[in-house]
Every structure is written in structure tokens, then in C-alpha cells.
Amino acid sequence: MATQTLNVRSQPSTFGDITGSLTQGDSVCGSRVVSTLKGGTYTACGATSSTWVTFGKAARYVAATCMRALKG
């Protein structure tokens with residue numbers, strides 16, 4: 001679930017095209033965590049990281065520091 005409004009990107013990098021956004025309370029299904037150094041690190045939601053969460057058939061990426069897992 002997103003903890004604030006954050007960009008959805010086309011690749012796990014701050015250089016990836018912004019393809020949409022998630023806002024607080026949005027959920028994504030079938031996501032997995034991927035680690036990458038491509039594009040360097042980012043600072044989001046009060047933390048610095050190079051870890052991204054990917055979801056969707058078109059492989060969209062969001063900053064992992066802004067997400068939390070839900071059991072369901």
C-alpha cells in the first residue's frame with residue numbers, strides 16, 4: 001500500500017518515464033521486490049534506497065521505501 005503519492009515508473013530508476021502514480025491507500029497485487037543500482041539511489045518517504053517494487057504485466061516500478069506489505 002502506498003504511504004503517500006508516488007510516481008509509477010517504466011523502469012527501476014529515477015530516470016524511468018513516469019507512467020502513473022499511486023496515492024495513499026492504493027494497493028497493487030502480485031508485486032515483488034527487486035534490487036537495482038541502475039540510476040543510483042533515490043530518496044523518498046523519508047529514506048534513501050536503491051530498492052524498487054515491481055508490479056503489473058507491463059512491469060511498472062515504485063520506490064520500495066514507500067510501500068508496505070499487506071497479508072490477504
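- In terms of modelled atom types and a separation under 3.5 Å, the side chain of Arg9 and the main chain of Tyr61 share no donor-acceptor contact.
- Once rounded to the nearest 0.5 Å, the distance linking OG of Ser13 with OH of Tyr42 reads 11.5 Å.
- Residue Ser49 comes nearest to Thr51 through the heavy atom pair OG-N, 3.0 Å, listed as atom of the first residue, atom of the second, then distance.
- Asp17 CG to Arg60 CZ: the interatomic distance, rounded to the nearest 0.5 Å, is 9.0 Å.
- Atom CZ of Phe55 sits about 5.0 Å away from atom CG of Leu22, to the nearest 0.5 Å.
- Within the model, atoms OG1 of Thr54 and CD of Gln11 stand 11.5 Å from one another, a figure rounded to the nearest 0.5 Å.
- Between Asn7 and Val62, the shortest heavy-atom distance links the atoms O-CG1, 3.6 Å.
- For the residue pair Trp52 and Ala63, the shortest heavy atom distance occurs at CE3-N, 3.7 Å.
- The nearest pair of heavy atoms linking Ser21 to Thr5 is CB-CG2, 4.5 Å.
- When every heavy atom of Ala47 is checked against every heavy atom of Thr65, the shortest pair comes out as CB-CG2, 3.9 Å.
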